[in-house]
Amino acid sequence: METRKVQVTGGSTYTVSIPKSWATENDVGAGSEVEFYPDGDSLFLTPRSEEERTRGSLEITDLTGQDLTRAVTTMYVSGFDVIELTGGEITTEQRSMVREAVQSLVGLEVLEETRDRVVVRDLLDSSELSIHNAVTRMRLISLSMLQDAITALSELDHDLARDVIGRDDDLDRLWLVVSRIFRATLRTPKAAEELGLPREECFDYHSSARQLERVGDHATKIAHLTLNIEEPLPEDVIDAIDDLHGDAVEVVDTAMDALFAEDNDEATRLANEARTGVRAIDERVRAIDELLRGLDPTRAQLLGLVVDSVLRSADYGGNVAETALQKAAPTP
């Protein structure tokens, strides 16, 4: 840390010098322009960049299959707008995996392909992205997946179960968008300014989006379990699981309302209501466990996994409620 004294020039202009080492490392010299971003009682200083697109390169000669897909996804989430993939000679399999990765990410498109290079570009305008809208969309998708997964289970609708499994890709795409936006706010104050949200609030949205993504994962798990069931299930068990699902959805919905509430007192009330709901669900689960004891072991185990997934979904809602409480708490 270095300190500087603020001076006054011209009677009304405050000036302060910047460390030479920092200026040298960032190519700031006489005549350079810098940008200032106020953030509460802090003021961020950054060199002004003429390059609007962040470029990154990745050597993929030794990458295949899911390793290549994950590498492209990591570059995307890290915030690169233009990703250049290079190799001695990019194989057909590698090109196929790159296209698969691009199709699974919002805004990406293959811009250029040669024998030894593939260039991918993000076509979205970062200033038009909204982390609030992305999380809101995740809320709708995850809860609709959970609802349909329970419906598919109760009606043994395997087509609906497969549809739930397919929708998990949409949820994952949104989760990666939220992660990309959040990491951008950590990397540069300009991104937070364009969003119009404090970085702490972006963290709260990112944390909650992760919980919603997990709700979707458990809806997908229930759908997969449903595909293994051929015979109708006992009506009393289905009714009990449906009631449990209703309580879990209420917890998640109430927690998300708390997260989005602008009034801190209202947010605190809703968050505490959601946390109380989680504790009440534990009692309902114990009652369902008693019902499962009367079934054959294979069915009891399968339905126990379903109950566990619904319970975990409620727990994730409780985690969102905790985040909402932190968001509504006074800041130092």
Side-chain angles (χ1 to χ4, degrees), residues 130-151 153-154 164 171 174-175 178 182 197-222 237-291 304-332:
S130 167
I131 194 170
H132 183 281
N133 290 346
V135 174
T136 297
R137 182 66 180 154
M138 288 186 69
R139 172 187 185 177
L140 294 174
I141 293 176
S142 61
L143 292 181
S144 70
M145 286 175 63
L146 190 60
Q147 171 66 69
D148 288 347
I150 297 299
T151 300
L153 175 71
S154 62
V164 170
L171 194 63
L174 285 169
W175 160 241
V178 171
F182 173 61
L197 293 173
R199 286 186 295 175
E200 285 187 0
E201 194 164 331
C202 291
F203 171 79
D204 293 333
Y205 285 145
H206 177 264
S207 175
S208 299
R210 180 58 172 157
Q211 306 307 309
L212 295 174
E213 192 267 340
R214 288 170 174 167
V215 171
D217 286 344
H218 279 283
T220 302
K221 181 178 179 180
I222 294 171
V237 174
I238 288 299
D239 289 342
I241 291 176
D242 189 57
D243 289 341
L244 178 67
H245 159 259
D247 290 344
V249 168
E250 185 174 354
V251 167
V252 178
D253 260 336
T254 303
M256 292 302 299
D257 286 342
L259 182 72
F260 291 149
E262 295 183 2
D263 181 77
N264 289 342
D265 291 338
E266 177 69 2
T268 300
R269 183 187 68 77
L270 289 170
N272 284 324
E273 181 180 321
R275 294 170 68 207
T276 301
V278 174
R279 292 192 291 271
I281 282 177
D282 290 337
E283 295 295 328
R284 191 182 289 276
V285 168
R286 280 190 279 272
I288 295 177
D289 288 341
E290 290 298 322
L291 291 176
L305 293 174
V306 171
V307 170
D308 179 70
S309 285
V310 178
L311 175 61
R312 287 179 180 272
S313 296
D315 288 339
Y316 296 140
N319 293 342
V320 175
E322 294 287 351
T323 297
L325 284 175
Q326 290 295 326
K327 180 172 174 283
T331 55

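Owing to the predicted nature of the structure, the values given are computational and were not obtained by experimental measurement.
The two residues A324 and A271 have their closest heavy-atom pair at CB-CB, 4.2 Å. Here the shortest heavy-atom pairing between V252 and S313 reads CG2-O, 3.6 Å. Between A261 and K327, the shortest heavy-atom distance links the atoms O-NZ, 3.9 Å. What you find for A267 and A328 is that their closest heavy atoms are CB-CB, 4.0 Å. Closest approach of R275 and A321 over heavy atoms only: CG-CB, 3.8 Å. Nearest heavy atoms, T323 versus S208: CG2-OG, 3.8 Å.
Atoms CZ and NE2, from R137 and H132 in turn, are 14.5 Å apart once rounded to the nearest 0.5 Å. To the nearest 0.5 Å, atoms CG (N272) and CD (E322) are separated by 8.5 Å. The structure places CG of L143 at 11.0 Å from CE of M138, a figure rounded to the nearest 0.5 Å. For the atom pair CG (D308) and CD1 (I288), the distance works out to 11.5 Å, reported to the nearest 0.5 Å. Annotation: the span from D217 atom CG to I222 atom CD1 amounts to 11.5 Å, rounded to 0.5 Å. To the nearest 0.5 Å, the span separating CG on N264 from CG on L325 amounts to 10.5 Å.
In this structure a side-chain-to-backbone donor-acceptor pair under 3.5 Å is missing from D242 to I238. Side-chain atoms of T254 do not come within 3.5 Å of backbone N or O of V251 as any donor-acceptor pair. A donor-acceptor pair under 3.5 Å links the side-chain atoms of R139 to the main chain of D253, judged by distance alone. Side-chain atoms of S207 never come within 3.5 Å of backbone atoms of F203 as a donor-acceptor pair (strictly under, hydrogens ignored).
Here the side chains of H218 and V310 are not in contact, with every heavy-atom distance at 4.5 Å or above. Between L270 and L259, every side-chain heavy-atom pair lies at or beyond the 4.5 Å cut-off. Two residues are said to be in side-chain contact when any heavy atoms from C-beta on lie closer than 4.5 Å; V178 and E213 fail this criterion. A 4.5 Å side-chain heavy-atom check between H245 and V249 finds at least one atom pair inside the cut-off. Using a 4.5 Å heavy-atom cutoff, the side chains of R210 and N319 are not in contact.
Counting heavy-atom neighbours within 6.0 Å of R214 CZ, excluding the residue itself, gives a total above 12. More than 12 non-hydrogen atoms from other residues, nucleotides or ligands lie less than 6.0 angstrom from CD of E266.
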(request) Mind running side-chain contact (heavy atoms from CB on, under 4.5 Å) on M256 and V135 for me, showing each step along the way? (result) CA-CA 10 Å; M256 292 302 299; V135 174; 3.8 Å; yes

(request) Quick one: do E273 and R269 satisfy salt bridge (charged side-chain N to carboxylate O under 4.0 Å, His left out)? Show the steps, please. (result) CA-CA 6 Å; E273 181 180 321; R269 183 187 68 77; 3.3 Å; yes

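Aromatic ring orientation, F260 versus Y205: tilted (interplanar angle from 30° to 60°).
The only option from L212, L174, T136 that meets the side-chain contact (heavy atoms from CB on, under 4.5 Å) definition with I141 turns out to be L174.
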